[in-house]
Amino acid sequence: MKLVPVVLSGGAGTRLWPASRQGFPKPFMKLGGSSLLAQAIARAQDCGTDELLLITNEDYLFLSKEVIEELDDPPTTHYLLEPKGRNTAPAIALAALQCEKLHGPDTVMIVLPADHLIPDVKAFVACAMEAALVAQKGQLVVFGIQPTAPDTGFGYIEVERISRKCQPVLRFVEKPDLATAQSYLATGRYYWNSGMFCFTAATMLKAMDKHAPQVLEAARAAIKASKTMAEITRFETHTFSLQPDISIDYAVMEKAANVSVIPAKFGWSDVGSWPAVADAHQADASGNTLVGDVVALETHGTHVQVDSHQPKVVATVGVTDLVIVDTPDALLVARKGAAHNMRAVVDTLRSRGHESTQLPARVRRPWGTYATLKEDPGYKVKRITVKPGESLSLQYHHQRAEHWVVVQGLGLIQVGDQEFKASPGQYRYIPAKEKHRLSNIGTEELVLIEVQCGGYLGEDDIVRLADSYGRV
């Protein structure tokens with residue numbers, strides 16, 4: 001049996017704002033010491049495969065590569081890079097076509113969202129192997145989660161009766177209201193839909209041909225117009241965007257007759273809200289979950305999470321059932337009961353053009369990171385880090401000058417056509433419209449303080465002349 005895990009990685013960065021942003025969505029957040037994406041890949045590898053198909057946005061390629069390269073035994077990874085999100089049905093269609101091409105129609109695909117938390121990996125692997133055997137018999141398999149509460153945030157799967165055995169799915173139902181969810185639990189006939197699936201490439205393509213031919217046709221066109229180099233497949237934007245924006249549930253699962261559910265015999269969370277994040281941490285005697293330097297007095301059932309550029313303490317006194325998330329550029333304070341509605345917060349901020357919905361306070365780039373330490377009209381102060389052997393693009397700015405001071409490591413600074421070595425304490429001035437570049441020529445991380453001066457300091461005031469990462 002050829003088994004290929006297909007990991008779907010992306011997201012809008014709304015439900016866990018401000019820790020999650022458009023440019024740094026939930027799969028890259030760390031829980032329990034590693035990112036959710038790293039945990040998903042490790043689970044996939046534990047299923048006995050050293051190969052992986054990762055579907056993600058073009059903007060997340062270098063973030064994904066960083067996660068994979070940091071694994072103890074990185075799998076051989078094929079990347080399908082979406083220029084824009086088109087939902088799960090097109091993604092799975094592309095993955096099925098790719099698996100059929102690489103390994104044949106009998107390839108067993110196990111589809112795993114990258115942002116789930118599953119602590120019991122051994123139990124997950126046992127369920128995955130059971131699902132793979134059922135998939136080989138021509139079934140479309142979905143992993144069902146036995147409900148623990150009348151949650152309105154999940155789709156539901158109806159069966160004859162909840163049991164520990166695989167059984168046919170009677171129907172899929174969309175996210176219900178509270179009263180309907182309560183009635184579902186009372187019947188003992190419903191699972192939560194986990195969004196994890198297993199099937200052969202041939203079974204899925206046949207089902208799409210019958211139930212969603214427009215999805216399959218558009219995916220074939222997108223594959224035909226794509227280009228692959230070094231295990232990375234990039235799609236032509238226009239052809240890719242012609243794919244329907246539809247979920248696999250709507251497109252196929254709700255219509256097909258050959259759908260079975262495997263009951264998940266493991267703990268599971270889609271980490272879809274801040275209370276879910278709190279549940280993933282060990283609580284203290286007062287029910288608090290505290291991440292960072294926190295003093296909690298007369299505090300109960302509260303989650304506090306601190307992320308700062310410099311040492312910072314957060315103190316709470318006399319509060320109950322709150323979520324407090326402190327980041328360098330945004331602070332969230334919410335009742336746990338209201339913390340599910342982060343989308344309204346993000347929508348409000350987006351309507352104001354607020355950058356905190358797009359980029360995190362510390363922005364990752366292929367060469368390293370940058371973080372804004374201070375900004376006022378006319379100037380901005382940044383901390384920039386560059387990995388050993390990496391370089392920023394050769395660039396210039398129309399409307400700002402820059403002052404650079406190296407504080408750690410050994411850098412090579414190009415200003416115009418001249419190059420200067422720079423060690424800690426050394427300084428260079430870059431006038432507006434002058435081409436410049438920063439490289440790390442040392443063996444440790446290069447750290448630089450940048451002071452920008454000018455009438456406009458936006459990130460879009462950059463003209464790249466040469467770039468090692470193909471961004472020109």
Report task. Using atom types as modelled and distance alone, determine if a side-chain donor or acceptor of Q243 lies under 3.5 Å from a backbone N or O of F240. Result -> yes
Query raised in the report: Would you say the side chain of Y79 lies within less than 4.5 Å of the side chain of T77, judging by non-hydrogen atoms?
Result: yes
Query raised in the report: Does the side chain of S64 come within less than 4.5 Å of L54's, by heavy atoms?
Result: yes
**Report entry** Pair D329 + R362, salt bridge at N-O below 4.0 Å
**Finding:** no
Report task. Indicate whether any N or O donor in one side chain lies under 3.5 Å from an N or O acceptor in the other, for T385 and T369. Result -> yes
Report summary line: For Q305 and A19, the nearest pair of non-hydrogen atoms, with its separation, is NE2-CB, 4.2 Å
Query raised in the report: Step by step, would you call F199 with V108 a side-chain contact (heavy atoms from CB on, under 4.5 Å)?
Result: CA-CA 6 Å; F199 36 73; V108 176; over 6 Å; no
Query raised in the report: With D151, which residues qualify under side chain to side chain contact (heavy atoms under 4.5 Å, CB included), at least two apart?
Result: F154, Y156, W192
Query raised in the report: With a 4.5 Å limit on heavy-atom distance, are the side chains of D293 and V313 in contact?
Result: yes
Requested in this report: Apply side-chain contact (heavy atoms from CB on, under 4.5 Å) to the pair T289 and Q282, showing each step before the final yes or no.
Outcome: CA-CA 6 Å; T289 47; Q282 184 68 41; over 6 Å; no
Requested in this report: Walk me through it: do M208 and I248 pass the test side-chain contact (heavy atoms from CB on, under 4.5 Å)?
Outcome: CA-CA 9 Å; M208 284 194 164; I248 193 66; 3.6 Å; yes
Report task. Give a yes or no answer on whether the side chain of D284 reaches the backbone of N288 with a donor-acceptor pair at less than 3.5 Å. Result -> yes
Query raised in the report: Rounded to the nearest 0.5 Å, how far does CG of D209 lie from CE of M204?
Result: 12.5 Å
Query - R335 and D321 ion-paired at < 4.0 Å - result: no
Query raised in the report: Where do Q146 and I162 land on the side-chain contact (heavy atoms from CB on, under 4.5 Å) test, with the steps shown first?
Result: CA-CA 8 Å; Q146 186 167 346; I162 285 180; 3.8 Å; yes
Requested in this report: Flag the pair E51 and K2 as a salt bridge only when some basic side-chain nitrogen lies within less than 4.0 angstrom of an acidic carboxylate oxygen.
Outcome: yes
Requested in this report: Determine yes or no for a side-chain-to-main-chain donor-acceptor pair under 3.5 angstrom, with T107 supplying the side chain and E100 the backbone.
Outcome: no
Report task. Look at R437 together with D467 and state whether they make a salt bridge at an N to O cut-off of under 4.0 Å. Result -> no
Requested in this report: May I have the step-by-step check of salt bridge (charged side-chain N to carboxylate O under 4.0 Å, His left out) for K312 and D326, ending in yes or no?
Outcome: CA-CA 10 Å; K312 175 192 266 189; D326 185 45; 2.8 Å; yes
Query raised in the report: Is a donor on one side and an acceptor on the other found under 3.5 Å between the side chain of E82 and the backbone of G85?
Result: no
Query - Reported OG-to-OH distance for the pair S9 and Y60, which is rounded to 0.5 angstrom - result: 8.5 Å
Requested in this report: Could you tell me whether D72 atom CG has more than 12 heavy atoms of other residues or ligands within 6.0 Å of it?
Outcome: no
Report summary line: d(L290 CG, T302 OG1) to nearest 0.5 Å is 8.5 Å
Query raised in the report: Between E355 and R350, is there a side-chain N and carboxylate O pair less than 4.0 Å apart?
Result: no
Report task. Output yes when a side-chain donor or acceptor of R15 lies under 3.5 Å from a complementary backbone atom of S273, and no otherwise. Result -> no
Query raised in the report: Can you name the closest pair of heavy atoms from T443 and P388 and give their distance?
Result: O-CG, 3.6 Å
**Report entry** Residues forming a side chain to side chain contact (heavy atoms under 4.5 Å, CB included) with L242, sequence neighbours excluded
**Finding:** H238
Report task. For S269, check side chain to side chain contact (heavy atoms under 4.5 Å, CB included) against everything at least two apart and list the hits. Result -> L117, V271, A276
**Report entry** Side-chain touch T327/R21, heavy atoms, less than 4.5 angstrom
**Finding:** yes
Report task. Check whether any side-chain heavy atom of L81 lies under 4.5 Å from a side-chain heavy atom of T233, and answer yes or no. Result -> no
Report task. Indicate yes or no for a side-chain donor-acceptor contact from S393 to the backbone of Q395 under 3.5 Å, with no hydrogens or angles considered. Result -> no
Query raised in the report: Between the main-chain N or O of P360 and the side-chain N or O of Q22, is there a donor-acceptor pair closer than 3.5 Å?
Result: no
Query raised in the report: Between N440 and G442, is there a donor-acceptor pair closer than 3.5 Å when you use the side chain of the first and the backbone of the second?
Result: yes
Query raised in the report: Between atom CG of L331 and atom OG of S356, what is the distance when rounded to the nearest 0.5 Å?
Result: 11.5 Å
**Report entry** Residues K84, D59; criterion salt bridge (charged side-chain N to carboxylate O under 4.0 Å, His left out); working and verdict
**Finding:** CA-CA 10 Å; K84 61 188 299 185; D59 294 338; over 6 Å; no
Requested in this report: Using a strict 4.0 Å threshold on nitrogen-to-oxygen distance, state whether E390 and R365 make a salt bridge.
Outcome: no
Query - CH2 on W274 to NE2 on H340, rounded to 0.5 Å - result: 13.0 Å
**Report entry** Distance, nearest 0.5 Å, that separates OH of Y250 from CD of E174
**Finding:** 3.5 Å
Query raised in the report: Taking the inter-plane angle between the rings of H116 and W268 on a 0 to 90° scale, is it parallel (under 30°), tilted (30 to 60°) or perpendicular (over 60°)?
Result: perpendicular
Report task. Indicate yes or no: at least one non-hydrogen side-chain atom of V215 is less than 4.5 angstrom from one of I92. Result -> no
Query raised in the report: Between the side chain of E444 and the main-chain N/O of Q408, is any donor-acceptor distance below 3.5 Å?
Result: no
Report summary line: Nearest heavy-atom contact between C99 and L53 is SG-CD2, 4.1 Å
Query raised in the report: Hey, does E236 have a side-chain heavy atom less than 4.5 Å from the side chain of T239?
Result: yes
Requested in this report: Starting from the C-alpha separation in whole Å, work towards a yes-or-no answer on salt bridge (charged side-chain N to carboxylate O under 4.0 Å, His left out) for E130 and K265.
Outcome: CA-CA 11 Å; E130 182 183 356; K265 304 176 185 70; 3.6 Å; yes
Query raised in the report: Is there a salt bridge (charged side-chain N to carboxylate O under 4.0 Å, His left out) between E160 and K165 once you walk through the steps?
Result: CA-CA 12 Å; E160 184 176 335; K165 296 181 179 180; over 6 Å; no
Report task. Taking the side chain as every heavy atom from C-beta outward, state whether E158 and V169 have any atom pair closer than 4.5 Å. Result -> no
Query raised in the report: Just by modelled atom types, is the Q45 backbone N or O under 3.5 Å from a matching donor or acceptor in the T49 side chain?
Result: no
Requested in this report: Quick one: closest heavy-atom pair of A278 and K336, and the distance?
Outcome: CB-NZ, 4.1 Å
Report task. Output, in order, the C-alpha distance, side-chain angles, deciding distance and verdict of side-chain hydrogen bond (donor to acceptor under 3.5 Å, both in side chains) for Y190 and R171. Result -> CA-CA 10 Å; Y190 288 86; R171 66 173 179 138; 2.9 Å; yes
Query raised in the report: Minimum heavy-atom separation for I384 to W367, with atom names?
Result: CG2-CZ3, 3.8 Å
Requested in this report: Could you tell me which non-hydrogen atom of C166 sits nearest to which non-hydrogen atom of S260, and how far apart they are?
Outcome: SG-CB, 3.7 Å
